[in-house]
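Report on the following structure.
To find a chain, count down the sequence lines: A is the first, B the second, and so on, and within it residues start at 1. Everything quoted here is computed from the prediction, not taken from an experiment.
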Amino acid sequence: MNLAIQTIKIGFIKAIKTTLTLMKVVLPVYAVVVIIKYSPVMSFLERIFEPAMKIFLLPGEASIPLISGFFTDEYGAIAAATQFGFTPVEITTIAMVNLVFHSIPVEYALSRKIGLPAGKFVLYRVIAAVIVGLIVSRIGGIFL
Amino acid sequence: MTASWSVIINEFLTGSFSTVISVLKVLIPLMILIEFLQVFHVMEKLSKKLSAVTKVLGLSPPAILPLLVATVMGVTYGAGTLIEMNKKDPLPRKDFILIAVFFFICHGIIETTAIWATVGANAFVISVVRLAIAGIFTMIIARLPIFGEPKYVEVSGEEKAEEKDSDRGGA
C-alpha cells in the first residue's frame, strides 16, 4: 500500500513540474496570439494562409495554432487553438496535423543528437502531416 | 487594433489561466497513471503479449517495448527505454528508424488525447485513427528498399550501420 501512495505522490509532483514547464510555453504563446488576433496582422495572415488551410477544409485562422505548434509544442498549439471558435471537426484536424508536425526546431536538434537522419525526418513529418490532415479533415465528419 | 488593451489583457489573463487549469486537471491523474504503469512494469508485460505486432510493422521483436512505451506514455519515457536498451543490447538501425517513423506520428497517446479532448477534439480520431495511420506508415516504410545502403552514418549510428551492412543479404 505504501508503494501505491508513494507512486501517487511522485506522479502528482511530476504533473506539477510539467505544468510549470508548460506555463513557460503557454503564457507567452497565449499573449502573442491574443495580440495578433486583435491586430491588423490577423486578417493579413488569414488571407495568406487561407488557400493552404483550404486543403484541410480549415479556415485561415487555423494557421495560427499550427504555426505556434511548429515553433513551440502541442501546448503552444492548444493555447492558440482555444482562442478561436473552431468546430469539433476543425479542432480535430488541427490537433492531428499539429501532433505530427510540432516543435520542429527542438525535435530536429534532438533527433540529430540521438543519431537519426534529422533532415529527412523533418521532410517525412511534413509529408505525413499533410496526408494526415487530408485524411482526418475528410473522415472527421463521420465520427462527429 | 480592433480591441482596446484592457480587453486584450483581460482575455490573456482569464484565457491563459483557464488553459493552464484544464491542462493541470488532465496532467495530475495522467502522471499518476503513468507512474503506476512504470512501477508495476505494465509495459514490459504487455509487450510480451504484443510481440506479434512487430512482424506486421517490420520490426524485430525487442523493438516492441520502446515503441509501446513511447506510444502509450510519451516520447521522454520511450527515449529513456531506448537508451537503456541500447546500453545492453543495441537495436538494429532499421528498428531505430522505424520506431522514429512510428512515434513521430503517434506518441504519448494518453496525454495528447486527454488534453486535446478537453479543448474539443474528437478523442477517437486522435487516438485510434492516429494509431492506425502510424501503423500504416511504418508498414509501408519498413518495406521500402531504403534500408539497403548504410548511408545514415552519424555520431551514434556508426556501429549500427556497419552491423546492418553485414546482415543485408536478404533485404
side-chain contact (heavy atoms from CB on, under 4.5 Å) between A:L27 and B:F17, worked out: CA-CA 8 Å; A:L27 296 182; B:F17 190 69; over 6 Å; no
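- Note on A:T93, A:T82, A:V34: by heavy-atom pairs under 4.5 Å with chain B, the leading option is A:V34.
- Checked options B:F96, B:F102, B:F104; the residue passing with A:F121 is B:F104 (criterion: ring pair (Phe, Tyr, Trp, His ring centres under 6.0 Å)).
- To the nearest 0.5 angstrom, A:K14 atom NZ is 9.5 Å from B:T76 atom OG1.
- A:L45 and A:M53 end up in the same hydrophobic cluster when Ile, Leu, Val, Met, Phe, Trp and Tyr side chains are linked at under 4.5 Å.
- If you take CD1 on B:I34 and OG1 on A:T7, they are separated by 13.5 Å, rounding to the nearest 0.5 Å.
- For B:E35 and A:K9, the salt-bridge test fails: no basic side-chain N is under 4.0 Å from an acidic carboxylate O.
- In the hydrophobic clustering of this structure, B:L144 groups with A:I127; members are Ile, Leu, Val, Met, Phe, Trp, Tyr whose side-chain heavy atoms approach within less than 4.5 Å, directly or through other members.
- By number of non-hydrogen pairs under 4.5 angstrom with chain B, the leading residue of A:T19, A:I8, A:L99 is A:L99.
- Rounded to the nearest 0.5 angstrom, A:I13 CD1 and B:M31 CE are separated by 12.5 Å.
- In this structure, A:Y124 contributes its side chain and B:V101 its backbone to a donor-acceptor pair below 3.5 Å.
- Contacts between B:V119 and chain A at a heavy-atom distance below 4.5 Å involve backbone atoms as well as side-chain atoms.
- The closest side-chain heavy-atom distance from B:T112 to A:E74 is below 4.5 Å.
- B:Y77 and B:I83 fall into different hydrophobic clusters, where Ile, Leu, Val, Met, Phe, Trp and Tyr are joined by side-chain heavy atoms under 4.5 Å apart, directly or via other members.
- Within the 4.5 Å cutoff, the side chain of A:I139 has heavy atoms near those of the B:V129 side chain.
- For B:K49, the NZ atom counts as loosely surrounded, since its 6.0 Å shell holds 12 or fewer non-hydrogen atoms of other residues, nucleotides or ligands.
- Residue A:A129 does not touch chain B at all, counting heavy-atom pairs closer than 4.5 Å.
- When each of A:A81, A:A128, A:A79 is scored by its heavy-atom pairs under 4.5 Å with chain B, the top score falls to A:A128.
- Here the side chains of A:I10 and B:F36 are not in contact, with every heavy-atom distance at 4.5 Å or above.
- For A:P117 against B:R93, the heavy-atom pair with the smallest separation is CD-NH2, 3.7 Å.
- Atom CD1 of residue B:I8 and atom CD1 of residue A:I36 lie 11.0 Å apart, to the nearest 0.5 angstrom.
- Using cut-offs of 30° and 60° for the angle between ring planes, the A:H102 and B:H107 rings count as perpendicular.
- Note on A:Q83, A:R125, A:M42: by heavy-atom pairs under 4.5 Å with chain B, the leading option is A:R125.
- Placement of B:I110 and B:V128 within a single hydrophobic cluster is found when ILVMFWY residues are connected by side-chain heavy-atom separations under 4.5 Å, directly or transitively.
- For chain A, the nearby part of B:I141 is the side chain; its heavy atoms alone come within less than 4.5 Å.
- Within the 3.5 Å criterion, the main-chain N or O of B:A121 finds no donor-acceptor partner in the side chain of A:T92.
- Looking at A:F86, there are no atoms closer than 4.5 Å to chain B (heavy atoms on both sides), in backbone or side chain.
- Each of A:V106 and A:I67 belongs to its own hydrophobic cluster when Ile, Leu, Val, Met, Phe, Trp and Tyr are linked at side-chain heavy-atom distances under 4.5 angstrom.
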Test side-chain contact (heavy atoms from CB on, under 4.5 Å) applied to A:N98 and B:W116, step by step: CA-CA 11 Å; A:N98 172 256; B:W116 277 102; 3.6 Å; yes
Stepwise side-chain hydrogen bond (donor to acceptor under 3.5 Å, both in side chains) check, B:E11 with A:Y30: CA-CA 9 Å; B:E11 193 173 325; A:Y30 211 98; 5.2 Å; no
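- Chosen from B:F137, B:F40, B:F103, the residue pairing most often with chain A at heavy-atom distances under 4.5 Å is B:F137.
- Between A:L22 atom CG and B:I115 atom CD1 the span is 7.0 Å, to the nearest 0.5 Å.
- For a residue to count as touching a neighbouring chain, one of its non-hydrogen atoms must lie under 4.5 Å from one of that chain's; by this rule B:I133 touches chain A with the side chain only.
- For the residue pair B:I28 and A:A15, the shortest heavy atom distance occurs at CA-CB, 3.5 Å.
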A:V33 vs B:F12, side-chain contact (heavy atoms from CB on, under 4.5 Å): CA-CA, chis, key distance, verdict: CA-CA 9 Å; A:V33 174; B:F12 165 66; over 6 Å; no
